[in-house]
S.K.: 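Pasting a structure below so you can have a look.
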Amino acid sequence: MNNNSKKLLLGLGVTTEPCCPETPQSSQAGPRFDERVQQAIARSKVQAELSLDPTSLSEMVQEAIASLSIPVNPLVFVLRVHIPFHLYAESESWLQKINQPAGGYNVFPSPSDGAWYDHNKQTWIREPILLVQIYMNQEVLRQHLKTMLEGYSALGKALGETAIAIELLTNQMMIIIPTD
């Protein structure tokens with residue numbers, strides 16, 4: 001068994017070494033041990049495949065959507081942008097322009113406690129931030145991510161910030177259901 005296999009098994013909670021003298025080595029543990037190892041490897045492969053497909057929805061959600069007689073647009077990609085609370089008013093027109101391809105954005109109603117390290121002053125700076133979430137489907141992400149990131153860079157410069165924090169999240173779903 002190579003080192004990568006051992007690391008994979010250890011990460012899954014399966015040990016390949018005896019925990020005490022009377023525990024047999026993996027080669028002596030018989031088919032039950034080998035079967036558990038193979039099951040753990042199979043589970044890890046399935047989990048890895050699911051985690052690599054950001055558009056995969058849980059079976060329950062897929063069934064619910066399939067049973068609807070109305071169109072549904074699952075938006076499974078999210079950009080979460082951290083905006084300093086005191087700069088939100090200056091950011092609003094930028095946010096509307098940058099996020100127009102996604103069709104909208106949401107701002108969490110109260111500031112979160114943020115902090116960043118100031119290397120010049122050798123100290124942590126606490127800063128309340130607003131979290132702006134932009135939901136989109138894969139096609140919008142593919143076509144507009146570059147432009148949106150460039151827009152956020154320009155916004156950060158316009159605000160006098162040294163950086164803008166952006167998270168890209170998957171399977172943080174919003175479902176849009178048309179009512180007209």
S.K.: Quick one, I134 and M148 - any side-chain contact, counting heavy atoms below 4.5 Å?
M.R.: yes
S.K.: Are side-chain heavy atoms of L145 and M136 found at a separation under 4.5 Å?
M.R.: no
S.K.: Would you say L87 and F85 are hydrophobically clustered, going by side-chain heavy atoms of ILVMFWY under 4.5 Å?
M.R.: yes
S.K.: In Å and rounded to the nearest 0.5 Å, what is the CZ to CG distance from F77 to N137?
M.R.: 8.5 Å
S.K.: Treat each ILVMFWY residue as a node, draw an edge where side-chain heavy atoms are under 4.5 Å apart, and state whether I129 and I83 are in one component.
M.R.: no
S.K.: Between atom CD1 of I125 and atom OH of Y117, what is the distance when rounded to the nearest 0.5 Å?
M.R.: 9.5 Å
S.K.: To the closest 0.5 Å, what do you measure between CG (L131) and CD (E167)?
M.R.: 7.0 Å
S.K.: Using the salt bridge (Lys or Arg N to Asp or Glu O under 4.0 Å) criterion, which residues pair with D118? Sequence neighbours excluded.
M.R.: none
S.K.: Any heavy-atom pair between the side chains of L168 and V78 that's under 4.5 Å?
M.R.: no
S.K.: Which atoms form the tightest heavy-atom contact between N106 and Y135, and what is the distance?
M.R.: ND2-CE1, 3.7 Å
S.K.: Between H82 and R80, which heavy-atom pair has the shortest distance, and what is it?
M.R.: CD2-O, 3.8 Å
S.K.: Do R126 and W116 come within less than 4.5 Å of each other through their side chains, counting heavy atoms only?
M.R.: no
S.K.: Distance from Y105 atom OH to I98 atom CD1, nearest 0.5 Å?
M.R.: 10.0 Å
S.K.: Between Q143 and V140 (side chain of the first, backbone of the second, donor and acceptor by atom type, cut-off under 3.5 Å), is there such a pair?
M.R.: no
S.K.: For a quick test of your reading: what N or O donor-acceptor pairs under 3.5 Å do the side chains of residues 150-165 make, sequence neighbours left out?
M.R.:
from : atom 1 : to   : atom 2 : distance (Å)
E150 : OE2    : K146 : NZ     : 2.6
Y152 : OH     : N99  : OD1    : 2.9
Y152 : OH     : N99  : ND2    : 2.9

